[in-house]
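Some notes on the structure that comes next.
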Protein chains: 2
Amino acid sequence: MADRHTDVTASARFDAENCSLKDILERVGDKWSILVVAALAREPYRFRALQRAIEGISQRMLTLTLQRLERDGLITRTVLDLRPPRVEYALTATGRSLTIPLRSLADWAEEHRGAISASRARWDAKQPPPGSSAS
Amino acid sequence: MADRHTDVTASARFDAENCSLKDILERVGDKWSILVVAALAREPYRFRALQRAIEGISQRMLTLTLQRLERDGLITRTVLDLRPPRVEYALTATGRSLTIPLRSLADWAEEHRGAISASRARWDAKQPPPGSSAS
DNA sequence: CGGTATCCGGGACGATACTG
DNA sequence: CAGTATCGTCCCGGATACCG
């Protein structure tokens, strides 16, 4: 036994952490935040460069995401007053520490991506496509 | 050196994984999915029990979340045809494997929650509260 | 360049009612 | 109990325009 269901979690902490987990997910749990942290994990970026590095992010969302991350103390914002203005973003120590669990998540994603796609394909095949037996 | 900024990520994979990471985040990246997996990591649950275990989730969202997770092959849905009907949800092997990175994320959250709150408080204190100098 | 302010459309989500 | 279907709302986030 012991393989039955649950030992991998090995603790009630998951339970107790629900609130804090839920809580944290609302801060760093969104796609853009994670992608920004992932980008900054490679190297500091300037605003524009960051926007170019993260495909699909709008200026607005980048601004908002960066502000939230700065507020949470995960990144620093450094203004170099040159001409033209230059603003550099970089991870703080806390931000850097986040990249560790983030990487394990990324690794998991990479490892199981195929299985998930396959499962989806199987599931979809079984679903009654709308209009299958309609007149 | 090596302490400069980035070695904690140690690879370009973060970059290469951006798509897959982004991709996976859209499946398991939402709050409810994670909380459901966390709950099922403890033990299998029936629908109602699950709803009670996850505070704040609506019936609709629970249904949708469970369906997506089943589609992705992360959980199993077992119908016991008793009276009244009984449906049990449990993690698959893949689902169980997800609890590992999930726990490292939860641990991170737990460890840095205080720092984040503090940082927020500091940041908020510096912001011009709306109406600060208004009549 | 590095933002802020505003508008607005679509989708996520909750509430409710109904079914087997 | 374990869902499905429908409706209405809210707010997320893109597009756009403008400022320092």
Side-chain angles (χ1 to χ4, degrees), chain A residues 22 25-36 39-40 43-71 75-90 123 126-134, chain B residues 22 25-36 39-40 43-72 75-90 123 126-132 134:
Chain A
K22 185 193 283 185
L25 285 174
E26 281 169 17
R27 299 157 217 258
V28 300
D30 72 293
K31 184 172 63 167
W32 295 137
S33 291
I34 294 190
L35 291 176
V36 166
L40 293 180
E43 56 178 337
Y45 272 93
R46 294 170 52 196
F47 190 88
R48 279 299 205 187
L50 206 42
Q51 188 172 10
R52 265 176 260 113
I54 301 175
E55 180 141 26
I57 195 170
S58 66
Q59 188 175 31
R60 172 188 159 81
M61 286 317 294
L62 181 55
T63 300
L64 289 177
T65 303
L66 288 171
Q67 285 173 349
R68 285 183 211 134
L69 290 174
E70 190 194 0
R71 180 165 110 106
I75 65 175
T76 59
R77 176 178 183 273
T78 311
V79 181
L80 291 309
D81 56 341
L82 310 166
R83 242 272 8 204
R86 202 168 254 254
V87 182
E88 281 234 336
Y89 292 92
W123 198 91
K126 279 190 266 188
Q127 293 315 303
S132 54
S133 68
Chain B
K22 185 193 283 186
L25 285 173
E26 281 169 17
R27 301 158 215 258
V28 300
D30 70 291
K31 184 174 62 167
W32 295 137
S33 292
I34 294 189
L35 292 176
V36 166
L40 293 179
E43 56 178 337
Y45 272 94
R46 294 169 52 194
F47 190 89
R48 278 300 206 185
L50 207 42
Q51 187 172 11
R52 263 177 261 113
I54 302 174
E55 180 142 24
I57 194 169
S58 66
Q59 189 175 33
R60 172 189 161 79
M61 286 317 294
L62 181 55
T63 301
L64 289 176
T65 302
L66 288 170
Q67 285 173 350
R68 285 182 210 134
L69 290 175
E70 190 194 0
R71 179 166 111 104
D72 288 353
I75 66 174
T76 59
R77 177 179 182 272
T78 311
V79 180
L80 291 310
D81 56 341
L82 310 166
R83 246 272 6 192
R86 203 167 253 255
V87 182
E88 283 234 335
Y89 292 92
W123 198 91
K126 278 190 266 186
Q127 294 314 304
S132 54

Interatomic distance, [X] [atom1] vs [N] [atom2] [rounded to whole Å]:
X	N	atom1	atom2	value
A:Leu62	C:dG3	CG	P	8 Å
A:Leu66	C:dC1	CG	P	16 Å
B:Glu70	D:dA2	CD	C1'	14 Å
B:Leu64	D:dG3	CG	C1'	11 Å
A:Ile54	D:dG13	CD1	C1'	15 Å
B:Gln51	D:dA2	CD	P	10 Å
A:Tyr45	C:dG3	OH	P	17 Å
B:Asp81	D:dC1	CG	P	18 Å

Taking all heavy atoms of [X] and all of [Y], pick out the closest pair and write down the distance.
X	Y	value
A:Leu62	A:Val36	CD1-CG2, 4.1 Å
A:Glu88	A:Pro44	OE1-CB, 3.7 Å
B:Gln59	B:Gln51	N-NE2, 3.3 Å

Checklist entry - Between A:Thr65 and A:Leu35, does a side-chain contact (heavy atoms from CB on, under 4.5 Å) hold up when you go through it step by step? => result CA-CA 10 Å; A:Thr65 303; A:Leu35 291 176; over 6 Å; no

Checklist entry - Across the strands shown, which category fits B:Arg46 at heavy-atom distances under 4.0 angstrom: base, sugar-phosphate, nothing? => result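 Answer is sugar-phosphate: B:Arg46 comes under 4.0 Å of backbone atoms only.
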
Next on the checklist: Considering every strand and a 4.0 Å limit on heavy-atom distances, what is the contact class for A:Glu88: base, sugar-phosphate, or nothing?
Outcome noted: nothing

Item to check | Phosphate OP1/OP2 of D:dC1: any B:Arg48 side-chain N/O under 4.0 Å | outcome: yes

Checklist entry - Does the pair A:Thr63 and A:Phe47 meet the rule for a side-chain contact (heavy atoms from CB on, under 4.5 Å), with working shown? => result CA-CA 8 Å; A:Thr63 300; A:Phe47 190 88; 3.5 Å; yes

Item to check | Verdict with reasoning, B:Arg77 to B:Leu66, per side-chain contact (heavy atoms from CB on, under 4.5 Å) | outcome: CA-CA 9 Å; B:Arg77 177 179 182 272; B:Leu66 288 170; over 6 Å; no

Item to check | Side-chain heavy-atom pair A:Ser33, A:Leu69 within 4.5 angstrom cut-off | outcome: yes

Checklist entry - Which letters describe nucleotides 13-19 of chain C, given B = protein heavy atom under 4.0 Å from base, S = only from sugar-phosphate, - = neither? => result BBB----

Checklist entry - Which of these nucleotides, D:dA2, D:dC1, D:dT4, is closest to any side-chain atom of B:Phe47? => result D:dA2

Checklist outcome for this item: From the candidates D:dT4, C:dG3, C:dC1, the one with an atom nearest any side-chain atom of A:Val87 is C:dG3

